[in-house]
Amino acid sequence: MIPVAPIQLRIFDTPKMTDSKYFTTTKKGEIFELKSELNNDKKEKKKEAVKKVIASMTVGKDVSALFPDVVNCMQTDNLELKKLVYLYLMNYAKSQPDMAIMAVNTFVKDCEDTNPLIRALAVRTMGCIRVDKITEYLCEPLRKCLKDEDPYVRKTAAVCVAKLYDISSSMVEDQGFLDQLKDLLSDSNPMVVANAVAALSEINEASASGQPLVEMNSATINKLLTALNECTEWGQVFILDSLANYTPKDEREAQSICERITPRLAHANAAVVLSAIKVLMKLLEILAGDNDFCSMLTKKLAPPLVTLLSSEPEVQYVALRNINLIVQKRPDILKHEMKVFFVKYNDPIYVKLEKLDIMIRLANQSNIAQVLSELKEYATEVDVDFVRKAVRAIGRCAIKVEPSAERCVSTLLDLIQTKVNYVVQEAIVVIKDIFRKYPNKYESIISTLCENLDTLDEPEARASMVWIIGEYAERIDNADELLDGFLEGFQDENAQVQLQLLTAVVKLFLKRPADTQELVQHILSLATQDSDNPDLRDRGFIYWRLLSTDPAAAKEVVLADKPLISEETDLLEPTLLDELICHISSLASVYHKPPTAFVEGRGAGVRKSLPNRSASAAGEENASVPEATVIPNQESLIGDLLSMDIGAPAAPAAPAPASSNVDLLGGGLDILLGGGPSVTSNDTAPAAAAPAAGGSAAGGLLGDIFGIGPVSSTNMIQIPKITWLPADKGKGLEIQGTFSRRAGQVYMDMTFTNKAMQAMTGFAIQLNKNSFGLVPSAPLQVAPLQPSQSVDTSLSLGTTGPVQRMEPLNNLQVAIKNNVDIFYFACLVHGNVLFVEDGQLDKRVFLTTWKEIPAANEVQYNLHGIVGTADTVAAKMTANSIFTIAKRNVEGQDMLYQSLKLTNNIWVLLELKLSPGSSDATLSLKTRSVEVGAIIFAAYEQIIRSP
């Protein structure tokens with residue numbers, strides 16, 4: 001809502017009098033007395049009576065019976081008295097609509113008064129009286145006031161239009177008030193402009209269609225920017241918020257707006273500063289990420305954010321919540337400002353915790369020593385919640401900054417030695433995560449952790465310790481004794497600890513079956529027979545049946561490799577983050593939730609998002625990139641980071657149990673206990689199941705998790721051959737061709753046709769240096785061609801040749817030699833044949849990598865003509881080595897998060913946004929080398945249109 005300054009009551013009294021006398025009375029029949037005084041001929045008596053009425057109204061007394069008498073007092077030249085009467089009218093007009101009509105003539109008359117204050121007061125009050133009958137009379141006075149010669153009246157009338165729209169939107173549109181408001185954007189007075197902007201913004205948000213009723217254009221924006229310098233601070237906030245909703249038509253306009261807004265960063269009001277930052281963050285999405293202007297602008301954003309942290313704690317907290325969003329979107333802005341986020345001893349706890357969170361986000365190899373030193377200091381504070389968060393922060397640093405892991409572990413061990421109970425427990429929780437992140441690296445400290453076993457009393461710490469004992473049972477000699485100690489009070493343990501105990505004992509049994517059979521039977525009995533927790537009971541039965549029917553499968557399930565973990569588990573989803581960036585300086589940026597999550601009614605459903613970087617803008621950006629760095633080689637950073645195949649092979653199908661009445665924990669344990677397996681007629685089951693398992697392997701884990709069906713019926717697209725070398729240029733030789741990928745190999749599939757009068761022999765081929773290092777893996781095999789004869793051939797291509805940037809990137813220059821001549825032609829390699837089969841990323845790696853790639857390296861593209869559901873699209877993509885990492889439904893739209901890897905080890909991360917029932921979609925691409933974007937987009941177009 002538009003903040004409207006309340007009507008100020010200025011009551012002037014002599015020094016001997018105070019306002020308290022209006023709130024007290026010793027008379028009986030107070031309403032009668034007030035009625036008498038209101039009708040007194042003396043102006044002073046009348047004014048005193050109205051003050052008493054307002055005082056009674058203020059403390060909650062019902063003085064509506066005096067409505068006609070108060071309305072009669074409107075006929076006065078005294079501004080103070082008129083304000084009081086108008087205040088009374090606003091309060092009681094809704095309950096006395098028929099009586100309120102009596103005041104209409106006075107309102108209309110006051111709207112033409114010579115005093116501009118009275119004119120403004122009249123139109124403001126009429127706008128605040130939400131009575132339909134009065135609204136009808138408001139139009140004409142409002143129209144006059146919008147064109148009033150006094151700017152104070154015009155600015156008041158502008159706000160009144162927004163109030164009128166709230167009462168009757170059709171009236172505002174029919175009476176032409178929107179056009180008048182738009183005219184006020186060109187007003188000579190900046191405050192009138194600001195109020196007109198505020199009113200238009202309010203009207204746009206309240207629009208039933210969700211579409212803006214008044215579109216901004218370059219000329220209007222220019223007027224707003226001119227008024228920006230002369231407005232009051234709240235006027236500037238209104239204008240900046242309006243600018244944030246405008247998308248410039250090109251980079252040049254965006255730069256111009258940035259230059260004119262930048263001075264607002266030095267404003268003393270925090271609201272103005274944050275509003276300016278919001279606009280600049282949005283415009284940075286449009287500007288190219290590698291030019292000097294963008295880097296200069298990024299540097300200018302840091303000082304105002306730092307300055308906000310010297311304000312009072314409440315403002316600091318709001319600033320920190322906004323900075324948290326900004327750091328997630330553009331960490332480069334504050335990467336050199338780590339010290340300002342160091343905690344002060346007198347900071348409130350809510351500020352301390354927020355600073356701590358931002359410190360972790362900014363931590364990197366260059367500043368980690370400084371950060372760890374601070375965190376160790378924080379761990380000795382007296383505030384328990386803060387200490388816990390500080391200890392956890394040390395663990396997050398270890399996971400985020402790998403070179404610092406050893407130092408972090410050493411710091412945590414030092415903290416454990418302090419023997420402070422809650423510090424020790426938090427340290428054990430984070431060390432468990434460090435073990436997960438760096439297996440077989442820091443297990444030597446387990447003995448130190450076990451020393452503190454008796455002091456653990458918090459469920460999470462006990463569960464973490466149990467996990468460590470179970471995971472590394474083979475390294476802990478007395479692991480069975482330690483776990484047995486937990487079982488004594490099993491029924492009293494928290495559910496989290498019980499579940500971990502069950503899994504840990506089963507792990508121990510699978511690793512050391514000979515001496516732990518009694519222990520595992522004990523816990524399985526406790527879990528399945530004595531527990532009321534369905535989760536625990538079900539897990540117990542699953543383990544029991546696994547162990548009794550197929551111990552080998554049990555080992556594969558229980559002792560399977562753990563997935564990678566990432567520090568950035570609390571990062572916001574990219575789409576949500578972009579929306580929240582558009583709401584910087586509002587409540588949404590403090591809650592870190594979209595307005596729809598906590599606001600009901602109008603405006604709540606209007607979603608905002610950052611502008612798309614168009615593919616053409618990306619193309620302009622690419623032109624300035626030096627050739628040497630366009631196609632990274634295998635030693636590139638992203639290549640080293642992600643070139644490993646992190647996909648796990650599909651687990652073999654478990655054999656069916658021999659019968660339904662298996663003796664639990666009976667013969668099935670013989671294999672683990674040293675006995676040989678008994679041969680039954682069911683031993684052929686795994687072999688028989690193998691073909692079926694293989695048939696669904698293409699679907700893999702994605703099919704199970706995301707509901708994507710098997711892709712065996714969906715094959716890699718085959719793009720038809722086109723003419724590469726026409727006969728008139730090949731002296732009778734015509735070559736048609738296409739590219740395909742089979743069994744992990746790129747092929748040139750060609751048809752040679754001899755349209756000459758002589759035979760053609762001695763064929764050979766050579767490829768020029770190209771962007772992807774494509775070279776023939778074998779000589780070209782073409783039999784002698786007789787006149788009018790055609791022959792098909794496939795040439796396998798390797799990717800180990802010399803690399804040179806081509807334009808376009810997938811351009812391939814070919815030379816064909818035969819007994820007639822040497823012929824040259826160029827063709828375009830289809831993008832899908834360059835996608836390798838190991839391009840599937842782990843979910844957490846995907847999220848981390850998405851955040852690490854700068855926002856400037858994101859390009860968006862609109863797809864059209866999509867047929868089928870999100871699942872069928874995902875299946876097509878998987879068949880072409882574009883892997884769906886996750887699928888979500890956000891506000892009715894299907895979001896597919898996908899990854900692919902090119903033959904030169906460039907990783908590409910994608911977000912495909914589909915609307916059910918629509919044939920259009922938005923594809924967002926993020927990669928270290930955005931030059932490949934055009935190839936990827938073309939491949940998507942071909943794949944989605946394939947049958």
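Just so you know, residue 1 is the first one in the sequence shown, and it goes up from there.
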**Study point:** Nearest-0.5 Å distance, NZ of residue K52 to CG of residue L84
**Key:** 14.0 Å
Practice item. For H592 and R321, indicate whether the former's side chain and the latter's backbone hold a donor-acceptor pair under 3.5 Å. Key: yes
Practice item. Evaluate the side chain to side chain contact (heavy atoms under 4.5 Å, CB included) criterion for residues Y350 and E314: first the C-alpha distance (whole Å), next the side-chain angles of each, then the deciding distance (0.1 Å), finally the verdict. Key: CA-CA 9 Å; Y350 55 87; E314 293 79 9; 3.9 Å; yes
Exercise for review: Determine, stepwise, if the pair N862 / D920 fulfils side chain to side chain contact (heavy atoms under 4.5 Å, CB included).
Suggested key: CA-CA 7 Å; N862 293 320; D920 297 334; over 6 Å; no
Practice item. For the pair K329 and D578, find out whether any cationic side-chain nitrogen is under 4.0 Å from an anionic carboxylate oxygen. Key: yes
Practice item. Using modelled atom types only, decide if a donor and an acceptor are shared between the side chain of K223 and the backbone of L185 within a distance under 3.5 Å. Key: no
Check your understanding: When you check the gap from the basic side-chain N to the acidic O, do K109 and D113 get nearer than 4.0 Å?
Key -> no
Exercise for review: Could you tell me whether D148 and R119 have a side-chain N and a carboxylate O separated by less than 4.0 Å?
Suggested key: yes
Point to revise | Test item: E140 and R143 side chains (from C-beta on) under 4.5 Å apart, heavy atoms | key: yes
Exercise for review: List the steps and the verdict of side chain to side chain contact (heavy atoms under 4.5 Å, CB included) for C231 and I239.
Suggested key: CA-CA 9 Å; C231 281; I239 290 176; 3.7 Å; yes
Review point. If you round to the nearest 0.5 Å, how far is CD1 of I584 from OG of S589?
Key: 7.0 Å
**Study point:** Non-hydrogen atoms of L184 and A196 that approach each other most closely
**Key:** CB-CB, 3.8 Å
Practice item. Kindly say whether R264 contributes a backbone atom to a donor-acceptor pair with the side chain of Q236 at under 3.5 angstrom? Key: no
Check your understanding: With distance as the sole test, does S242 use its side chain to make a donor-acceptor pair with the main-chain N or O of F238 at under 3.5 Å?
Key -> no
Check your understanding: Between S256 (side chain) and R252 (backbone), is there a donor-acceptor pair under 3.5 Å?
Key -> no
Practice item. Please assess Q893 against S915 for the test side-chain hydrogen bond (donor to acceptor under 3.5 Å, both in side chains), listing each intermediate value before the final yes or no. Key: CA-CA 5 Å; Q893 290 188 314; S915 297; 3.0 Å; yes
Practice item. Before accepting this row, confirm whether a basic side-chain N of the pair E285/R330 lies closer than 4.0 Å to the acidic partner's carboxylate O. Key: yes
Review point. Do L284 and L301 have side-chain heavy atoms sitting under 4.5 Å apart?
Key: yes
Practice item. Report yes or no: does N322 contribute a side-chain atom to a donor-acceptor pair with the main-chain N or O of S585 at less than 3.5 Å? Key: yes
**Study point:** Shortest non-hydrogen separation from P313 to V351 and the atoms involved
**Key:** O-CG2, 3.8 Å
Practice item. Kindly say whether S924 contributes a backbone atom to a donor-acceptor pair with the side chain of Q860 at under 3.5 angstrom? Key: no
Study note, to complete from the structure: Heavy-atom closest pair (C111 atom, V123 atom, distance to 0.1 Å) is SG-N, 4.1 Å
Review point. With a 4.5 Å heavy-atom cut-off, do Y246 and V279 have their side chains touching?
Key: no
Review point. Hey, does E202 have a side-chain heavy atom less than 4.5 Å from the side chain of K163?
Key: no
Exercise for review: Answer yes or no: are there more than 12 heavy-atom neighbours, outside Y591 itself, under 6.0 Å from its atom OH?
Suggested key: no
Practice item. Quick one: pull up CG in L121 and OG1 in T156 and give me the separation to the nearest 0.5 Å. Key: 9.0 Å
Review point. Can you tell me if R154 uses its side chain to pair, donor with acceptor, with the backbone of K147 under 3.5 Å?
Key: no
Point to revise | Residues I581, K282; criterion side chain to side chain contact (heavy atoms under 4.5 Å, CB included); working and verdict | key: CA-CA 8 Å; I581 291 291; K282 198 167 180 180; 5.9 Å; no
Point to revise | Side-chain heavy atoms of L283 within contact of L297, under 4.5 Å | key: no
Point to revise | Test item: N229 and R260 side chains (from C-beta on) under 4.5 Å apart, heavy atoms | key: no
Review point. Is there a side-chain contact between M171 and C139 (heavy atoms, below 4.5 Å)?
Key: yes
Point to revise | Least distance between heavy atoms, N324 atom then I358 atom | key: N-CD1, 4.1 Å
Check your understanding: Is there side-chain contact between L200 and V161, with heavy atoms separated by less than 4.5 Å?
Key -> no
Exercise for review: Check D187 against V193 and note the closest heavy-atom contact, atom names and distance.
Suggested key: O-CG2, 3.5 Å
